[in-house]
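In what follows, a single structure is set out as structure tokens and then discussed.
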Amino acid sequence: MSKFSEDVLTIVKQIPSGKVVSYGQVALLAGHPRAARQVGCILHFHGEEVPWWRVINNAGRISTKCIEHNADLQREFLREEEVEVGEDLSVDIAFYRWYFPETGS
DNA sequence: CGAATGACCAAGC
DNA sequence: GGCTTGGCCATTC
């Protein structure tokens, strides 16, 4: 577990229910604006201690390009938090996007 | 240290 | 708006 990983997890934990963020934003807060890939790689590795399901790509969709991560489960979690998810795992990111108070972006 | 990998991002079609 | 190409970066071998 590197410092980068801990920082990413700490940031993700701050995401409120019913909101979602992109990997790029988390990477930015972690101090590595271009390391969005590592963020996703780290998230699929732990359990419910961190709301990883609230983290999606900048296109507003749940990526399924890698190993069989529970994309279907993630959709269930989001809908439980009043976040509408399309059949193709698409989310209205423009409306549900959460902006971290620290950056104010 | 060099090469390969991955839940990405931005630009081009 | 969706698919394809190239590029970034940290971690692992």
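The chains referred to below are lettered A, B, ... by the order of the sequence lines, with proteins before strands, and numbering in each begins at 1. The figures that follow rest on heavy atoms only: side chains count, while hydrogens, waters and symmetry mates do not.
In this structure, Leu28(A) places its CG atom 11 Å from P of dA10(B), rounding to the nearest Å. Atom CZ in Arg37(A) sits roughly 11 Å away from atom C1' in dA4(B) (whole-Å rounding). Rounded to whole angstrom, the span from the CZ atom of Arg97(A) across to the P atom of dC9(B) amounts to 8 Å. Nucleotide dG2(C) holds its P atom 14 Å from the CD atom of Glu87(A), rounded to whole Å. For the pair Arg61(A) CZ and dG2(C) P, the interatomic distance rounds to 6 Å; values are reported in whole Å. Per the geometry, CZ belonging to Arg34(A) stands 10 Å off P belonging to dA11(B), to the nearest Å. Here the P atom of nucleotide dA10(B) and the OH atom of Tyr23(A) are 14 Å apart, to the nearest Å.
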Please tabulate the protein-to-nucleotide N/O contacts below 3.5 Å involving nucleotides 10-13 of chain C, giving atom names and distances.
residue : atom : partner  : partner atom : Å
dA10(C) : OP1  : His32(A) : ND1          : 2.5
dT11(C) : OP1  : Ser2(A)  : OG           : 2.3

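When all heavy atoms are compared, the tightest approach of Ala30(A) to Phe4(A) is CB-CE1, 3.8 Å. What you find for Lys19(A) and Phe95(A) is that their closest heavy atoms are NZ-O, 4.0 Å. Contact between Val26(A) and Ile11(A) at its shortest, heavy atoms only, is O-CD1, 3.7 Å. Of all non-hydrogen atoms in Val91(A) and Tyr96(A), the two that sit nearest each other are CG1-CD1, 4.0 Å. Closest approach of Gln74(A) to Trp53(A), counting heavy atoms only: NE2-O, 2.8 Å.
Annotation: side chain of Val55(A) is not in contact with side chain of Val20(A) (no heavy-atom distance under 4.5 Å).
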